[in-house]
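What follows is a short report on a single structure.
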Amino acid sequence: MKHNTAMRLKVAYLLILMTVASLVLEANGGATKYTAMYVFGDSLSDVGNNKYFIDTLAKADYLPFGIDFGGGLTAEMVGLPLLPSYADVIAKGDSILFGVNYASAGAGILRDTGYLFGHIIPFEEQINNLRKTVDQLRGKLHGNEVSKYLSNALVFVDIGANDYLNNYFRRKYYPSSHIYNLEQFADLLINLYRKHILEIQGLGLRKFLILEAPPIGCGPIRVRNMKCNATLNHAVAMFNTRLKSVVHDLGSIHPGSAFIYAPSSQLFQSLFDFAEAYGFKVKDKACCGGSDSSKRTKSMCFRNTIPCPNRNEYLYWDGAHPTEAANRILAAYIHNATYL
Ligand SMILES: *[C@@H]1O[C@H](CO)[C@@H](O)[C@H](O)[C@H]1NC(C)=O
Ligand SMILES: *[C@@H]1O[C@H](CO)[C@@H](O)[C@H](O)[C@H]1NC(C)=O
């Protein structure tokens, strides 16, 4: 059996978000249906871009990852099939017709974020891969068809958490915290983020759904006595404040494009704060490996670990990633929030 269910549990969440975005754009007078979708990000969105790298620890192409992801259900919600990873487009010639997922577990906005994991694909490289996809499209379609096709495609971006977890707060390995204070670091990330969004736009893409970086201090490996790590959440909040204003600015500078900001971090925080009310009995331990205290120090579920049987009662799947159940609720709330 091929475990291409890898990390796809996170994609269920992505695809629900696509429905959300489509409704929002519809409300704004935009297209009701996307020609394609292009996904950029980290482990919350990766569907297997790291799986062909033998020199990386940032992989999830093994069981029990994907256990709650059916594959069929969510795809029909947006009318787009499940997107192939860019790695599979290259290795197996998977179709690029409905879009491609470029996200890479461990990746960040900065080039060297996550290098401790080994081989990962930073944001900049993910965009270079999009460039290759666009070239491929130009080989298949006429020039003005390509423009039309791209302008009706949706770009989904969820990146930034690793620049804190696997860069700034890894003081032993990265100089960032010695060079920048948190304000300066957030500015550095945001300037680069903005530049990258404009590069994607420069390739002809016009519709963007941009997610906040998640409250990284609430992952089971960082929670102490039911409390999220305030230092980490504060750092990410500084980033998100800036992100929100950049997304807003981009919208006013480029009226021909749609930039939607999803307050996903705030929403997830309320899911954590009121976990019981949402039906979660456990919010401070991971479903996979959470009862074993030695494994609480790891952010990922280990190969062939038997996960908790009552997965719907856990907020977190592993030390850093939410369960499918949590993602579904989050997506529904983002849907509601993007209308406000
Ligand atoms: C919160 O995270 C920071 C950065 O990793 C760490 O230095 C600090 O000790 C943590 N605080 C608590 C209370 O765990
Ligand atoms: C959606 O948001 C409104 C306004 O905040 C709130 O009253 C309502 O309960 C929300 N609905 C859901 C399903 O979250």
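Computed over heavy atoms, backbone and side chain alike; hydrogens, waters and symmetry mates excluded.
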Practice prompt. Give the C-alpha distance, both sets of side-chain angles, the deciding distance and a yes or no for ring pair (Phe, Tyr, Trp, His ring centres under 6.0 Å) between Y168 and Y180.
Written response: CA-CA 9 Å; Y168 197 88; Y180 310 104; 7.9 Å; no
Worksheet item: Nearest 0.5 Å, what's the CG-CZ distance between L192 and F123?
Response: 8.5 Å
Item to complete: Could you tell me the separation between the OH atom of Y38 and the OH atom of Y86, rounded to the nearest 0.5 Å?
Response: 12.0 Å
Fill in: Nearest-0.5 Å distance, CD of residue E199 to CZ of residue R131
5.5 Å
Worksheet item: Is there a donor-acceptor pair closer than 3.5 Å between any side-chain N or O of N225 and the backbone N or O of K227?
Response: no
Worksheet item: Passes side chain to side chain contact (heavy atoms under 4.5 Å, CB included), N167 versus D112? Steps please.
Response: CA-CA 8 Å; N167 185 327; D112 54 353; 3.7 Å; yes
Discussion item. Check R311 with E324, please: is the shortest side-chain N to carboxylate O separation under 4.0 Å?
Written reply: no
Discussion item. I'd like to know if the side chain of S177 reaches the main chain of R171, judged simply by a donor and an acceptor atom lying under 3.5 Å from each other, with no hydrogens or angles considered.
Written reply: no
Response to the item:
Of all heavy-atom pairs linking A320 and P220, the shortest is N-CD, 4.4 Å
Worksheet item: Which is it for Y174 and Y115 under the ring pair (Phe, Tyr, Trp, His ring centres under 6.0 Å) test, yes or no, and what are the steps along the way?
Response: CA-CA 10 Å; Y174 287 89; Y115 84 85; 5.2 Å; yes
Response to the item:
So CD1 of I121 and NE2 of H119: to nearest 0.5 Å the spacing works out to 6.5 Å
Worksheet item: Quick one: CZ on F268 to SG on C218, what's the gap to the nearest 0.5 Å?
Response: 7.0 Å
Worksheet item: Is there a donor-acceptor contact under 3.5 Å from the side chain of T113 to the main chain of N166?
Response: no
Worksheet entry | Flag, side chain of D163 to backbone of G108, donor-acceptor distance under 3.5 Å | no
Discussion item. Measuring only between side-chain heavy atoms, which start at C-beta, is I200 closer than 4.5 Å to I127?
Written reply: yes
Worksheet item: Distance only, no hydrogens: is a donor on one side chain within 3.5 Å (strictly under) of an acceptor on the other, for N191 and R194?
Response: no
Worksheet item: Is there a donor-acceptor pair closer than 3.5 Å between any side-chain N or O of K207 and the backbone N or O of A258?
Response: no
Item to complete: Salt-bridge test for E125 and R111: reply yes if a basic N is under 4.0 Å from a carboxylate O, no otherwise.
Response: yes
Fill in: Close aromatic pair by centroid cut-off 6.0 Å: F208 and F40
no
Practice prompt. Please report the C-alpha distance between Y164 and L189 in whole Å, then the side-chain angles of each, then the deciding distance to 0.1 Å, and finally whether the side chain to side chain contact (heavy atoms under 4.5 Å, CB included) criterion is met.
Written response: CA-CA 10 Å; Y164 290 95; L189 294 180; 3.6 Å; yes
Practice prompt. Kindly say whether Q184 contributes a backbone atom to a donor-acceptor pair with the side chain of N181 at under 3.5 angstrom?
Written response: yes
Response to the item:
From the list V246, L243, I260, side chain to side chain contact (heavy atoms under 4.5 Å, CB included) partner of I210 resolves to L243
Item to complete: For F117 and Y173, run ring pair (Phe, Tyr, Trp, His ring centres under 6.0 Å): C-alpha distance rounded to whole Å, both residues' side-chain angles, the deciding distance at 0.1 Å, then the answer.
Response: CA-CA 12 Å; F117 292 125; Y173 303 97; over 10 Å; no
Discussion item. Donor-acceptor check, side chain of R206 to backbone of A153, threshold 3.5 angstrom: yes or no?
Written reply: no
Discussion item. Within the supplied structure, the quantity of interest is the number of heavy atoms (other residues, nucleotides, ligands) at a distance under 6.0 Å from H178 NE2; does it exceed 12?
Written reply: yes
Discussion item. Closer than 3.5 angstrom, by distance alone: can the side chain of D284 be matched with the main-chain N or O of M226 as a donor-acceptor pair?
Written reply: no
Item to complete: State, with a plain yes or no, whether a side-chain heavy atom of S270 is found less than 4.5 Å away from one of Y278.
Response: yes
Discussion item. With a 3.5 Å distance limit and no angle check, can you tell me whether N240 reaches the backbone of A213 through a side-chain donor-acceptor pair?
Written reply: yes
Worksheet item: Closest heavy-atom contact between P215 and Y316?
Response: O-OH, 4.5 Å
Discussion item. Taking E124 first and then K195, would you say they form a salt bridge - that is, a charged N and a carboxylate O separated by under 4.0 Å?
Written reply: no
Worksheet item: What distance do Q126 atom CD and I109 atom CD1 have between them, rounded to the nearest 0.5 Å?
Response: 10.5 Å
Item to complete: Hey, could you give me each pair passing disulfide bond (SG atoms under 2.5 Å apart) that has a residue in residues 126-214? Not counting sequence neighbours.
Response: none
Worksheet item: Hey, is the main chain of V282 close enough, under 3.5 Å, to the side chain of E313 for a donor-acceptor pair?
Response: no
